[in-house]
Amino acid sequence: MDLFDSLGFRWDRDSVPRELPRASLNRVVFRFSRMLPEYVWDAGVLEGNPFTFPEVKTLLEGVTVGGRKLSDQEQILNLADSSKYLVELVKQGQFRLDKDIFCSLHARVARNEALEWGHFRGEGAETTYTPDVALGERGRFTPLPTERGAGRLNEVFGNGVRALQENVSNSFERATAFFLFGSLQQFFFDGNKRTSRFMMNGLLMTEGLDAISIPAVRATEFNSRMVDFYITRDATEMMAFVLDCHPEIAQIRQLNPGLSVIKDAPEIDYFRPKESMDTQRRSGGQSTEATRRLVKHPSIEEMQRNAAENWRRNYYDKRTGIPGPEPESIDTKENAPEAGKTGHERDAGIDFDPER
């Protein structure tokens, strides 16, 4: 069985960057640990969690936040616990691409949220229920059925991991392929994408590559592209999207001048700490004022606006000299006629199931 057959999807392998900026293990772990509140908040927004960034920081400092559901609070704490666990695995040299690590991460990510956690569908008490993924007007995606003992799921997982290890030497390609593999095959009842992204970042950091967070401001784009992936089983655009979210994307494009630019990508200003990891703003970096005030119960649209502003405010400009989007451009885009929008903007209202 070849690589694509083993994973259940394909992609254009020539579109993957061959040269990637690397750093020491301590450096990439430090950076991930330092951005942990942002990573947790980004991941929470992707799941539809209403916690604002200040509320996430407050909760991670040990102070409860009033007016929020306990289930939403626990999801944020689970994401933080999973992040810290991943850091320890990588630091201790214990992270591996195998089922034990995959399940141990899921046990933390989906604790008290999924129907069962810490094992594959069918390996626990529930042996008949098969979850699916809602794709809005484009239907639903149903994975392999749940069966007692999860024999088929274990076979698919083993074949997929073996195919990645034997056929994919590129660290970024292997990591993103596993993220999409776990998301597609739905090995667990819930929390598949979250757990698979943690695995992706474990693979990246182990190879000296920075972890990737999907910015909250790009949540609808992420969901729309994932719908396309489930429908087409072509991972080319999704891999390009994940790459575009890499904190060193500007340098990656310099190292790979022929790399294609993702279609319909919005302008996002990326920020990062200096190589010396001090907290002074780089010369030439620009800051902007918030376009909206945070409210106690923001809508998804407001969270996305706040996400864009927080991203600009808390990181150093990755593209010095390129101004961030003007506040008017956000409102103009939102109020534009439906006919003038891109395909992914029109898909922003898709009823994509974020809980899978």
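Quick note: numbers below take in every heavy atom, side chains included, and nothing from hydrogens, waters or symmetry partners. Since the model is a prediction, treat every value here as computed from it, not as a measurement.
- Closest approach of Ala177 to Trp11, counting heavy atoms only: CB-CH2, 3.9 Å.
- Using a 4.5 Å cut-off on side-chain heavy atoms (C-beta onward), Leu25 and Lys91 make no contact.
- Between the side chains of Thr128 and Glu126, a donor-acceptor pair is found at a separation under 3.5 Å.
- Judged by distance alone, with hydrogens and angles left aside, the side-chain atoms of Arg174 form a donor-acceptor pair with the main-chain N or O of Val168 at under 3.5 Å.
- A donor-acceptor pair under 3.5 Å is absent between the side-chain atoms of Asn192 and the main chain of Ser183, judged by distance alone.
- The distance from atom CZ of Phe32 to atom OG of Ser83, rounded to the nearest 0.5 Å, is 4.0 Å.
- The closest side-chain heavy-atom distance from Trp41 to Leu79 is not below 4.5 Å.
- Checked by atom type and distance alone, the side chain of Asn159 pairs as donor or acceptor with a backbone atom of Glu155 at under 3.5 Å.
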Can you list the steps and then say if Glu248 with Arg22 is a salt bridge (Lys or Arg N to Asp or Glu O under 4.0 Å)?
CA-CA 10 Å; Glu248 298 291 349; Arg22 297 177 186 269; over 6 Å; no
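- Asp81 has its side chain within reach of Arg111: a pair of non-hydrogen atoms, C-beta onward, lies under 4.5 Å apart.
- In terms of modelled atom types and a separation under 3.5 Å, the side chain of Gln73 and the main chain of Thr64 share no donor-acceptor contact.
- Using a 4.5 Å heavy-atom cutoff, the side chains of Pro143 and Phe187 are not in contact.
- Here the closest non-hydrogen pair linking Ile252 and Glu19 is CG2-O, 4.4 Å.
- Within the 4.5 Å cutoff, side-chain heavy atoms of Arg68 are placed close to those of Phe51.
- Here the NE2 atom belonging to His106 is positioned 12.5 Å from the CE atom belonging to Met199, to the nearest 0.5 angstrom.
- Leu70 has its side chain out of reach of Glu74: every pair of non-hydrogen atoms, C-beta onward, lies at least 4.5 Å apart.
- In plain terms, the two heavy atoms of Ala125 and Glu116 that are nearest each other are N-OE2, 3.0 Å.
- Hydrophobic clustering (ILVMFWY, side-chain heavy atoms < 4.5 Å, transitive): Val16 and Leu255 are in distinct clusters.
- Hydrophobic cluster membership differs between Trp117 and Tyr129, with clusters built from Ile, Leu, Val, Met, Phe, Trp and Tyr side chains linked at under 4.5 angstrom.
- Judged purely by atom type and a 3.5 angstrom limit, Thr146 has no side-chain atom pairing as donor or acceptor with the backbone of Gly122.
- Contact between Gln165 and Leu97 at its shortest, heavy atoms only, is NE2-O, 3.7 Å.
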As a quick check of understanding, evaluate salt bridge (Lys or Arg N to Asp or Glu O under 4.0 Å) for Arg194 and Glu47, giving each step before the final call.
CA-CA 9 Å; Arg194 278 169 282 168; Glu47 300 302 317; 3.5 Å; yes
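- If you take CZ on Phe9 and CZ on Phe4, they are separated by 8.5 Å, rounding to the nearest 0.5 Å.
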Worked check of side chain to side chain contact (heavy atoms under 4.5 Å, CB included) between His246 and Asp210
CA-CA 8 Å; His246 194 285; Asp210 279 312; 3.9 Å; yes
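- Interatomic distance, Thr206 OG1 to Asn201 CG, rounded to the nearest 0.5 Å: 10.0 Å.
- The two atoms that bring Gly44 and Ile76 nearest to each other are CA-CD1, 4.4 Å, heavy atoms only.
- Listed for the Asn256 side chain is no donor-acceptor partner under 3.5 Å among the backbone atoms of Leu259.
- The closest side-chain heavy-atom distance from Leu180 to Met226 is below 4.5 Å.
- When Tyr39, Phe179, Tyr85 are each tested for a ring-ring contact (aromatic ring centres under 6.0 Å, His included) with Phe198, only one passes: Tyr39.
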Please determine whether side chain to side chain contact (heavy atoms under 4.5 Å, CB included) holds for the pair Asp98 and Val161, giving the CA-CA distance in whole Å, both sets of side-chain angles, and the decisive distance to 0.1 Å.
CA-CA 7 Å; Asp98 63 21; Val161 168; over 6 Å; no
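- In this structure, Arg225 pairs ionically with Glu221, as a charged nitrogen and a carboxylate oxygen lie closer than 4.0 Å.
- Between Pro145 and Thr130, the shortest heavy-atom distance links the atoms CA-OG1, 3.4 Å.
- Side-chain rings of Phe102 and Phe178 approach one another, their centers coming within less than 6.0 Å.
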Side chain to side chain contact (heavy atoms under 4.5 Å, CB included) assessment of Leu153 paired with Glu123
CA-CA 10 Å; Leu153 283 176; Glu123 292 182 335; over 6 Å; no
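- Here the side chains of Glu173 and Leu164 are not in contact, with every heavy-atom distance at 4.5 Å or above.
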Assess the residue pair Glu88 and Lys84 against the criterion (salt bridge (Lys or Arg N to Asp or Glu O under 4.0 Å)); give the C-alpha distance rounded to whole Å, side-chain angles, the decisive distance to 0.1 Å, and a yes or no.
CA-CA 6 Å; Glu88 288 305 309; Lys84 295 172 184 177; over 6 Å; no
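- The CZ atom of Phe229 sits 8.0 Å away from atom CE of Met239, with the distance rounded to the nearest 0.5 Å.
- Side-chain atoms of Arg96 never come within 3.5 Å of backbone atoms of Ile101 as a donor-acceptor pair (strictly under, hydrogens ignored).
- Donor-acceptor pairing under 3.5 Å is recorded for the side chains of Thr236 and Asp234.
- Side-chain atoms of Asn49 come within 3.5 Å of backbone N or O of Asp72 as a donor-acceptor pair.
- Taken from CG in Asp132 to CZ in Arg140, the straight-line distance is 4.0 Å, to the nearest 0.5 Å.
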Kindly determine whether Asp42 and Arg218 satisfy salt bridge (Lys or Arg N to Asp or Glu O under 4.0 Å), including the steps that lead there.
CA-CA 9 Å; Asp42 284 341; Arg218 303 185 74 169; over 6 Å; no
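- Looking at Gln251, its side chain never comes within 3.5 Å of a backbone N or O of Leu20 through a donor-acceptor pair.
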Before giving the answer on side chain to side chain contact (heavy atoms under 4.5 Å, CB included), spell out for Arg13 and Asn170 the whole-Å C-alpha distance, their side-chain angles and the decisive distance to 0.1 Å.
CA-CA 10 Å; Arg13 300 197 66 184; Asn170 182 296; 6.0 Å; no
